[in-house]
Amino acid sequence: TGGHTTEILRLLSCLSESYSPRHYVLADSDKMSEAKIRSFEQKRAETFPESQFSLDRIPRSREVRQSWISSVVTTLYSILYSLPLTYKRKPDLILCNGPGTCVPVCLSAFLLGLLRIKRTIIVYVESICRVETLSLSGKILYYFSDYFIVQWPDLKKKYPKSVYLGRIV
């Protein structure tokens with residue numbers, strides 16, 4: 001919500017039209033991001049009139065300050081909800097940057113790859129505000145992503161699989 005959406009839209013603004021259609025996945029309770037995405041896509045359509053996108057919603061996997069025990073249950077529920085969506089969309093690439101909503105989607109895509117249904121490239125970009133430690137989403141997806149991008153050199157030192165490209169958002 002908010003900051004993560006702004007960061008991902010900055011990244012998307014640099015991508016060519018070959019990354020189309022774009023399928024956005026939002027938490028079902030997230031209203032602010034939908035407005036930002038629709039505004040972004042409306043501006044993008046001025047340059048790329050054939051631009052296509054869709055919005056899908058899944059249950060929020062974890063609320064702010066939710067207990068760890070209950071967040072396991074809600075995350076599992078969100079993964080179960082994400083599986084049919086991921087199967088339906090069969091994305092070639094998932095680009096995500098840290099909100100909890102990305103974890104169930106990425107794990108669903110990873111599972112589809114393990115089952116040899118569809119191999120999806122997962123690119124995780126850690127938020128620019130994560131200077132010394134990874135977010136919870138980052139700690140989980142570090143092991144499941146194909147490319148794990150950090151924006152601070154200290155994180156690259158701590159997490160050798162990561163890729164440091166400087167500040168990209």
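Values below: every heavy atom of this structure, side chains too, minus hydrogens, waters and symmetry copies.
- In this structure, Thr101 and Leu26 approach most closely via the heavy-atom pair CG2-C, 3.9 Å.
- If you take OG on Ser13 and CD1 on Ile8, they are separated by 10.5 Å, rounding to the nearest 0.5 Å.
- Follow the hydrophobic side-chain contacts under 4.5 Å out from Leu112 and you never reach Val123; the two are in separate clusters.
- The OG1 atom of Thr120 sits 7.0 Å away from the CG atom of Asp92 when rounded to the nearest 0.5 Å.
- Side-chain N or O atoms of Ser127 include none that pairs as donor or acceptor with a backbone N or O of Arg130 at under 3.5 Å.
- A salt bridge links Arg44 and Glu17; the closest N-O separation between the charged side-chain nitrogens and carboxylate oxygens is under 4.0 Å.
- Side chains of Asp154 and Val131 form no contact here, defined as non-hydrogen atoms less than 4.5 Å apart.
- Looking only at distances, no side-chain donor or acceptor of Glu126 sits under 3.5 Å from a matching main-chain atom of Phe148.
- If you take OG1 on Thr75 and CG on Leu136, they are separated by 8.0 Å, rounding to the nearest 0.5 Å.
- Defined by atom type and a distance below 3.5 Å, a donor-acceptor pair is missing between the side-chain atoms of Arg89 and Thr86.
- Side-chain atoms of Gln151 come within 3.5 Å of backbone atoms of Ile168 as a donor-acceptor pair (strictly under, hydrogens ignored).
- Cluster annotation: Ile140 and Tyr142 are assigned to the same hydrophobic cluster (Ile/Leu/Val/Met/Phe/Trp/Tyr, side-chain heavy-atom contacts under 4.5 Å, transitive).
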| task | Dump the intermediate steps for side chain to side chain contact (heavy atoms under 4.5 Å, CB included) on Val73 and Leu76, then the final yes or no. | result | CA-CA 5 Å; Val73 174; Leu76 287 173; 5.9 Å; no
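- Judged purely by atom type and a 3.5 angstrom limit, Asn97 has no side-chain atom pairing as donor or acceptor with the backbone of Val125.
- Not one N or O on the side chain of Tyr124 forms a donor-acceptor pair closer than 3.5 Å with the backbone of Cys102.
- Using a 4.5 Å heavy-atom threshold, the side chains of Asp30 and Glu34 count as separate.
- Using a cut-off of 4.0 Å between Lys/Arg side-chain N and Asp/Glu carboxylate O, Asp56 and Lys88 are scored as not salt-bridged.
- A continuous path of Ile, Leu, Val, Met, Phe, Trp and Tyr side chains, each step under 4.5 Å between heavy atoms, connects Phe110 with Tyr143, placing both in one hydrophobic cluster.
- Judged by distance alone, the side chain of Lys156 and the main-chain N or O of Val150 form no donor-acceptor pair under 3.5 Å.
- Under a 3.5 Å cut-off, the side chain of Ser78 and the backbone N or O of Thr74 do not form any donor-acceptor pair.
- Residues Val72 and Leu111 do not share a hydrophobic cluster, defined by chaining ILVMFWY side chains whose heavy atoms lie under 4.5 Å apart.
- Between Arg119 and Asp146 there is a salt bridge, since at least one side-chain N of the basic residue sits less than 4.0 Å from a carboxylate O of the acidic one.
- Taking the ring centre of Tyr159 as origin, the terminal cationic atom of Lys157 falls outside the region bounded by 6.0 Å and 45° from the ring axis.
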| query | Yes or no on side chain to side chain donor-acceptor pair (under 3.5 Å) for Ser16 and Ser18, after CA distance, side-chain angles and deciding distance? | reply | CA-CA 5 Å; Ser16 73; Ser18 62; 2.6 Å; yes
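- At a cut-off of 3.5 Å, with distance as the only test, no side-chain donor of Tyr24 or Thr5 sits close to an acceptor on the other residue.
- We find the CD1-CG distance between Ile149 and Leu155 to be 13.0 Å, quoted to the nearest 0.5 Å.
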| task | Take Ser51 and Arg22, measure what side chain to side chain contact (heavy atoms under 4.5 Å, CB included) needs, and give me the verdict at the end. | result | CA-CA 9 Å; Ser51 188; Arg22 287 164 305 288; 2.4 Å; yes
